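As the structure is a computational prediction, the values presented were derived from the model and not from experiment.
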Amino acid sequence: MSDALINGLAGAGGGIIAQLITYPLQTVNTRQQTERDLKKEKRKLGTIEQMCQVVKQEGWERLYGGLTPSLVGTTASQGVYYYFYQIFRNKAESKALERQKKGIGDGSVGMLSSLIVAALSGCVNVLLTNPIWVVVTRMQTHTNILKKDHSNRLATPALEETVLSAIEPFSYSTGHAIHEVYDEAGFWGFWKGVFPTLIMVSNPAMQFMLYETMLKKLKKQRSLSNPDNNGVTALEIFLLGALAKLGATVVTYPLNVVKARLQAKQVATGDRRHRYKGTMDAILKMIRYEGFYGFYKGMSTKIVQSVLAAAVLFMIKEELVKGARLLLVKDGIHTVKPKLP
């Protein structure tokens, strides 16, 4: 079994667990990013308050709206990302060893090479999985709020209850979201927000660059003090993953807001501030009507969600990789790295 496949499967498993734990925060954050109602802006609610409001007005299940396609997307994204990351990483390591034989470098992959490897993996991931995340965004931002029928002012409370039950919105499923996106923008609607998302590959690129740099220094420092043990614990992996994600999230958050605005349902009528024709149109309108604050809506929620998810992901992924390799060694199967052509 190849090392790339082990990392791909471990990444997918870690991603699913992290997604299940942090999904309600992700739903609230997406709603915060796409909120364009100035009246609601004046009544700012905290993350916990907003979660309670969603549960009260729409039901607790709305906190998990789009969970199914999100899990599919997480599995696909993490699997694709880690698979190609390991392939590109192996090639970078081979190149580094070749340079060392020529007397150039120390044989290790440098910071710039790590950044390029992570960026290439991110681009492949974005192009293949963007349609899934468009659907997820639609489902997270869809609201099920009952509207009262005031046509009969003499209606009794019992009759009003019946009317409310009769006009309760239908369940907004994955199929409804797909049809909505296609009817609104056709086939290419599933690639809305792909441009800022491609730029956002700098987020995982920075994240992995910071993570591997810190991990490398920690292992080196530990090997100096104890040559027989340069391993790291699950808690240390958790903390390193959290720190790496924190730094990357703060830098790239504005692009995340623009992506969410483009992927959310576009209002066909009414205020033109709510309609975006593309990435630049969204950026200019946000600057004009909301100021630079608009690019950082919900950032505190995103930081908590992203850091927690990344920390869990790294910890679970590393433990799964260790476990898989241990099982393969016990069974007499060796992991192999892909050979260069």
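Using a 4.5 Å cut-off between side-chain heavy atoms of Ile, Leu, Val, Met, Phe, Trp and Tyr, with links allowed through other members, Val304 and Tyr296 fall into different hydrophobic clusters. No continuous path of hydrophobic side-chain contacts links Met139 to Ile16 [ILVMFWY only; heavy atoms under 4.5 Å]. Under the 4.5 Å side-chain heavy-atom criterion for grouping Ile, Leu, Val, Met, Phe, Trp and Tyr, Val28 is not connected to Ile303 through any hydrophobic cluster. Cluster membership for Phe292 and Val250, using ILVMFWY side-chain heavy atoms within less than 4.5 angstrom, is shared. If you chain together hydrophobic residues whose side chains sit under 4.5 Å apart, Leu218 and Val109 never meet in one group.
For OH of Tyr23, the number of neighbouring non-hydrogen atoms (other residues, nucleotides, ligands) closer than 6.0 Å is greater than 12. Annotation for Phe195: atom CZ does not count as buried by contact number, only 12 or fewer foreign heavy atoms lying within 6.0 Å. Around atom CD of Gln221, no more than 12 heavy atoms belonging to other residues, nucleotides or ligands sit under 6.0 Å away.
For Ala76 against Thr129, the heavy-atom pair with the smallest separation is CB-CG2, 4.1 Å. Here the shortest heavy-atom pairing between Ala282 and Leu262 reads CB-CD2, 4.2 Å. When all heavy atoms are compared, the tightest approach of Gly65 to Thr27 is O-OG1, 4.5 Å. For Pro24 against Met51, the heavy-atom pair with the smallest separation is CB-CE, 3.7 Å. Of all non-hydrogen atoms in Glu58 and His142, the two that sit nearest each other are OE1-O, 3.9 Å. Closest heavy-atom contact between Ile132 and Pro69: CG2-O, 3.2 Å.
Between the side chain of Arg138 and the backbone N or O of Gly66, no donor-acceptor pair lies under 3.5 Å. With hydrogens and angles ignored, the 3.5 Å screen pairs a side-chain donor or acceptor of Thr233 with a backbone N or O of Glu236. When atom types are taken as modelled, the side chain of Asn125 and the backbone of Val80 share no donor-acceptor pair closer than 3.5 angstrom. Side-chain atoms of Trp191 come within 3.5 Å of backbone N or O of Leu127 as a donor-acceptor pair. Side chain of His179 to main chain of His176: no donor-acceptor pair is present (N/O by atom type, distance under 3.5 Å, no hydrogens or angles).
Within the structure, salt bridge (Lys or Arg N to Asp or Glu O under 4.0 Å) contacts touching residues 306-322 (residues at least two apart or in different chains) are Glu319-Lys322. Within the structure, the salt bridge (Lys or Arg N to Asp or Glu O under 4.0 Å) test picks out the following pairs touching residues 74-90 (sequence neighbours left out): Arg89-Glu93, Arg89-Glu212.
Remark: Leu63 CG to Gln26 CD distance equals 12.0 Å, nearest 0.5 Å. Note: Met315 CE to Leu235 CG = 8.5 Å, rounded to the nearest 0.5 Å. Between Phe238 atom CZ and Leu313 atom CG the span is 11.5 Å, to the nearest 0.5 Å. Note that CD1 of Ile283 is 11.0 Å distant from OH of Tyr276, once rounded to the nearest 0.5 Å. The NZ atom of Lys95 sits 11.5 Å away from the OG atom of Ser113 when rounded to the nearest 0.5 Å. Separating the NZ atom in Lys192 from the NZ atom in Lys259 is a distance of 14.5 Å, to the nearest 0.5 Å.
With no hydrogens or angles considered, a side-chain donor-acceptor pair links Trp133 and Ser77 at under 3.5 Å. For the residue pair Lys216 and Ser108, a side-chain donor N or O sits within less than 3.5 Å of a side-chain acceptor on the partner. Side-chain contact check for Lys297 and Gln33: no donor-acceptor pair (N or O, by modelled atom type) lies under 3.5 Å.
Using a 4.5 Å heavy-atom threshold, the side chains of Thr252 and Ile199 count as separate. Side-chain contact between Gln53 and Arg31: absent, with no pair of heavy atoms (C-beta onward) separated by less than 4.5 Å. At least one side-chain heavy atom of Val181 sits less than 4.5 Å from a side-chain heavy atom of Phe190. You'll find the side chain of Val257 stays beyond 4.5 Å of the side chain of Met299, heavy atoms only. A heavy-atom distance below 4.5 Å is found between the side chains of Gln32 and Thr47. Residues Phe295 and Val258 form a side-chain contact, since some pair of their non-hydrogen atoms from C-beta on lies under 4.5 Å apart. Using a 4.5 Å heavy-atom cutoff, the side chains of Asn256 and Met200 are in contact. With a 4.5 Å cut-off on side-chain heavy atoms, Arg222 and Val232 count as touching.
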Go through the steps to decide whether Leu71 and Gln19 satisfy the test side chain to side chain contact (heavy atoms under 4.5 Å, CB included), and finish with yes or no.
CA-CA 7 Å; Leu71 288 176; Gln19 186 83 330; 4.0 Å; yes
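The one candidate from Thr30, Val136, Asn130 that meets the side chain to side chain contact (heavy atoms under 4.5 Å, CB included) condition with Gln263 is Asn130.
The aromatic rings of Phe84 and Phe88 sit tilted, their planes meeting at an angle between 30° and 60°.
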